[in-house]
Amino acid sequence: MFVKTASQVEGVTINHKGFAGFTARYLIAKEDGAVHYAMRMMEIEPGGHTSVHSHPEEHEFYFLEGDAALVDEQGVEHAIKPGDCAYTAADEIHQIKNTGITLLKLVCTIPILPGGDGKSSVNSRQVSQ
Ligand SMILES: [Zn+2]
């Protein structure tokens with residue numbers, strides 16, 4: 001067992017193609033001893049976003065602060081507010097955008113698949129910017 005404070009976990013700027021204003025805090029990952037699933041806190045600056053992408057891992061999201069849009073496979077933007085949760089299935093195309101004027105903070109859990117570390121996705125596929 002262990003306890004951590006999210007604010008004390010180092011933030012890692014993600015500069016992969018299609019990402020903007022995006023910081024990840026890997027709260028619980030394989031390197032911490034997690035075997036099957038990982039928890040990350042994502043912080044996205046106003047105007048920031050992930051790429052449009054898919055990967056074999058499903059996502060479970062819980063939105064803590066800020067306003068967001070979760071973009072689905074058809075490009076439809078689903079408005080998100082704090083307190084909302086969302087799910088994307090394995091290999092489902094998705095994107096998250098900060099649509100507000102404050103920092104967007106969300107928790108994102110993923111399974112740790114064989115070869116995965118709970119940080120990066122296994123075999124992530126970028127669809128477009
Ligand atoms: Zn994803």
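Counting convention: from 1, in listed order, for ligands and their atoms alike.
Under the 3.5 Å distance criterion, with hydrogens and angles disregarded, a donor-acceptor pair is assigned to the side chains of Asp72 and His78.
To the nearest 10 degrees, the angle centred on the Zn ion (ligand 1) between NE2 in His53 and NE2 in His94 reads 90°.
Summary: NE2 is the N/O/S atom of His59 found nearest to the Zn ion (ligand 1).
Coordination check, His55 versus the Zn ion (ligand 1): passed, since an N/O/S atom of the residue sits under 2.8 Å.
To the nearest 0.5 Å, atom CD of residue Glu10 and atom CZ of residue Arg25 are 9.0 Å apart.
Salt-bridge annotation for Lys4 and Asp32: present, with a side-chain N of the basic residue lying under 4.0 Å from a carboxylate O of the acidic one.
Classified by interplanar angle (parallel below 30°, tilted 30° to 60°, perpendicular above 60°), the ring pair His59/Phe61 is tilted.
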